[in-house]
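Below is one structure, written out as structure tokens, with a few remarks after it.
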Amino acid sequence: MHNLGIAITGSGSAVPATSLHNQRLTELVETSDEWITTRTGICQRRIALPSESLSVLATAASNQAIAAAGIKPEDLDLILLATSTPDDLFGSACQVQAKLGATKAVAFDLTAACSGFVFGLITAAQYIRTGVYQNVLLIGADILSRWVDWQDRRTCVLFGDGAGAVVLQASKSDRLLGFALKSDGTQNHYLNLSYTGSSEELLPGINVTKGAYQPISMNGKEVYRFAVQKVPEIIDKALFQANLTVDHIDWLILHQANQRIIDAVAQRLNIPEQKVISNLAHYGNTSAASIPLALDEAVRQGKIKPNHIVATSGFGAGLTWGAAIFEWGR
């Protein structure tokens, strides 16, 4: 086969049934619906019940994407699960592979926090462009409610749970038009979900750490500043690589972190409001799931049509950020 381009041929998404409205959060922490809405644009978020696992959400989103692409699970060569919240520290992609019955597929997790979906998209594209694999399932899924400090009013209002997936296939015409990825570990401390262990003496002179992960901690001001500066820049880079201008963009789908960030980035790029896709009011920040969740919703609403040019950008912990420009459909 000499189909060394890629096409994104199907999408799917899944969210937990339980909604948590801003109004209910006022029973937990001192805040108000108005405060949350004006500062973030978030009205509610979905929360996974203890019985709802990441692999179950990821599998549900994947089944939709596979059906939309018109293929069968057995056709998959590779499953990439972009997540920071696996059910198992060793990874959850193989569990998804088993649940799907994707017997031929190799599966592994990829961690790049809120940039995970974009980093995963570019990773998947390399396997296809080199002719190694034909059909790749890319999932972005996170259950951040597991790792939120529900007493910290600065962070607990932001996050939600969900999963989104896309199928990428080898294609004669390459629909991934341009991309750019970046990392800056010097700013790592602005957004963390860190391991904290205390020392335990195993034997005289041999110590190990025993501990757990601490809740998400974030410097909101710095993360906001970083996103508003770096995201327009990286989208410009990806457009340049694609040999396109901002006017060619039909839709802008940013990581759904904060409506203020989305508005500021669109403004800096001179992208009109009607081209900007946002669903964070209903779901909050779902990390790696946010872009595919918004993409799938827009596709199913008939907004994003075949051949439309979509600019997307993820940004978050690491700090990491990236952008991809693609044409939707075969």
Side-chain angles (χ1 to χ4, degrees), residues 3-13 65 68-70 82 114-126 128-129 136 138 140 164-182 227 230-257 261-280 288-315 321-330:
N3 297 347
L4 292 185
I6 71 152
I8 305 174
T9 58
S11 66
S13 59
C114 303
S115 307
F117 181 79
V118 173
F119 278 47
L121 185 69
I122 304 316
T123 303
Q126 306 317 305
I128 295 174
R129 283 176 171 176
V136 181
L138 167 64
V166 293
V167 169
L168 293 91
Q169 294 185 272
S171 158
K172 283 191 176 64
S173 65
D174 201 343
R175 317 287 268 175
L176 177 61
L177 309 176
F179 70 86
L181 303 174
K182 297 280 276 185
K230 297 296 187 186
V231 173
E233 215 172 82
I234 202 135
I235 290 172
D236 272 337
K237 267 202 177 92
L239 281 169
F240 181 78
Q241 204 204 23
N243 211 357
L244 297 171
T245 65
V246 169
D247 304 333
H248 290 105
I249 296 173
D250 293 305
W251 301 103
L252 175 68
I253 308 181
L254 298 180
H255 163 51
Q256 309 281 302
I261 293 175
I262 295 171
D263 294 343
V265 170
Q267 235 170 341
R268 285 202 177 186
L269 289 165
N270 279 327
I271 294 174
E273 209 178 320
Q274 60 271 21
K275 287 185 176 184
V276 180
I277 287 169
S278 169
N279 66 357
L280 121 142
S290 81
I291 292 171
L293 200 59
L295 172 73
D296 182 53
E297 205 166 73
V299 167
R300 288 175 194 273
Q301 287 167 351
K303 281 184 178 176
I304 297 178
K305 295 181 168 66
N307 304 327
H308 276 181
I309 292 176
V310 179
T312 186
S313 177
F315 49 90
W321 65 108
I325 316 291
F326 61 84
E327 270 178 289
W328 175 252
R330 291 179 200 282

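Basis for what follows: all heavy atoms, side chains included, without hydrogens, waters or symmetry-related copies. In what follows, residues are counted from 1 in the order of the sequence shown. Please read all numbers here as calculations on a predicted model, not as lab measurements.
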Query raised in the report: From L269 CG over to T245 OG1, what is the distance, rounded to the nearest 0.5 angstrom?
Result: 11.5 Å
Query raised in the report: Where is the tightest heavy-atom contact between V118 and S313, given as atom of each residue plus distance?
Result: CG2-C, 4.2 Å
Query raised in the report: Mind checking what makes side chain to side chain contact (heavy atoms under 4.5 Å, CB included) contact with A7, not counting sequence neighbours?
Result: T9, S171, R175
Query raised in the report: With a 4.5 Å heavy-atom cut-off, do I128 and L4 have their side chains touching?
Result: no
Query raised in the report: Less than 4.5 Å apart, any side-chain heavy atom of L252 and any of I262?
Result: no
Report task. Heavy atoms only: give me the nearest P232-A227 pair and the separation to one decimal. Result -> CD-O, 3.7 Å
**Report entry** Gap separating the CD1 atom of I234 from the CZ atom of F179, nearest 0.5 angstrom
**Finding:** 10.5 Å
**Report entry** D250: side chain to side chain contact (heavy atoms under 4.5 Å, CB included) partners, not counting sequence neighbours
**Finding:** H308, I309
Query raised in the report: Are D174 and R129 close enough that some pair of their side-chain heavy atoms sits under 4.5 Å apart?
Result: yes
Query raised in the report: How far does CD of E233 sit from NZ of K182, to the nearest 0.5 angstrom?
Result: 8.0 Å
Query raised in the report: Going by heavy atoms in the side chains, are I235 and V246 under 4.5 Å from each other?
Result: no
Query raised in the report: F315 versus I261: any side-chain heavy-atom pair under 4.5 Å?
Result: yes
Requested in this report: Sequence neighbours left out, what passes side chain to side chain contact (heavy atoms under 4.5 Å, CB included) with A288? Give chain and number order.
Outcome: A82, D142
For residues 290-303, run the donor-acceptor check on the side chains, cut-off 3.5 Å, and write out each pair with its distance to 0.1 Å, sequence neighbours left out.
{"unit_1": "S290", "atom_1": "OG", "unit_2": "H255", "atom_2": "ND1", "d": "2.7"}
{"unit_1": "S290", "atom_1": "OG", "unit_2": "Q256", "atom_2": "N", "d": "3.1"}
{"unit_1": "S290", "atom_1": "OG", "unit_2": "S287", "atom_2": "O", "d": "3.4"}
{"unit_1": "D296", "atom_1": "OD1", "unit_2": "S11", "atom_2": "OG", "d": "2.8"}
{"unit_1": "D296", "atom_1": "OD1", "unit_2": "G12", "atom_2": "N", "d": "3.3"}
{"unit_1": "D296", "atom_1": "OD1", "unit_2": "R300", "atom_2": "NE", "d": "2.7"}
{"unit_1": "D296", "atom_1": "OD2", "unit_2": "S13", "atom_2": "N", "d": "3.2"}
{"unit_1": "D296", "atom_1": "OD2", "unit_2": "S13", "atom_2": "OG", "d": "2.6"}
{"unit_1": "D296", "atom_1": "OD2", "unit_2": "R300", "atom_2": "NE", "d": "3.2"}
{"unit_1": "E297", "atom_1": "OE1", "unit_2": "N279", "atom_2": "ND2", "d": "3.3"}
{"unit_1": "E297", "atom_1": "OE2", "unit_2": "Y283", "atom_2": "OH", "d": "3.0"}
{"unit_1": "R300", "atom_1": "NH2", "unit_2": "S11", "atom_2": "O", "d": "2.8"}

Query raised in the report: How would you list all residue pairs meeting salt bridge (Lys or Arg N to Asp or Glu O under 4.0 Å) that involve residues 268-279, not counting sequence neighbours?
Result: none
Query raised in the report: Shortest non-hydrogen contact from L181 to G322?
Result: CD2-CA, 3.9 Å
Requested in this report: Show your working on side chain to side chain contact (heavy atoms under 4.5 Å, CB included) between L121 and L168 and close with a plain yes or no.
Outcome: CA-CA 8 Å; L121 185 69; L168 293 91; 3.6 Å; yes
**Report entry** All side chain to side chain contact (heavy atoms under 4.5 Å, CB included) counterparts of Q267, not counting sequence neighbours
**Finding:** none
Requested in this report: Check whether any side-chain heavy atom of I304 lies under 4.5 Å from a side-chain heavy atom of I277, and answer yes or no.
Outcome: yes
**Report entry** Validation row: V310, I8 side chains within 4.5 angstrom (heavy atoms)
**Finding:** no
Query - Note, F326 side chain near T312 side chain (heavy atom, < 4.5 Å) - result: yes
Query - Exercise: identify the closest heavy-atom pair between A238 and I325 - result: CB-CG1, 3.8 Å
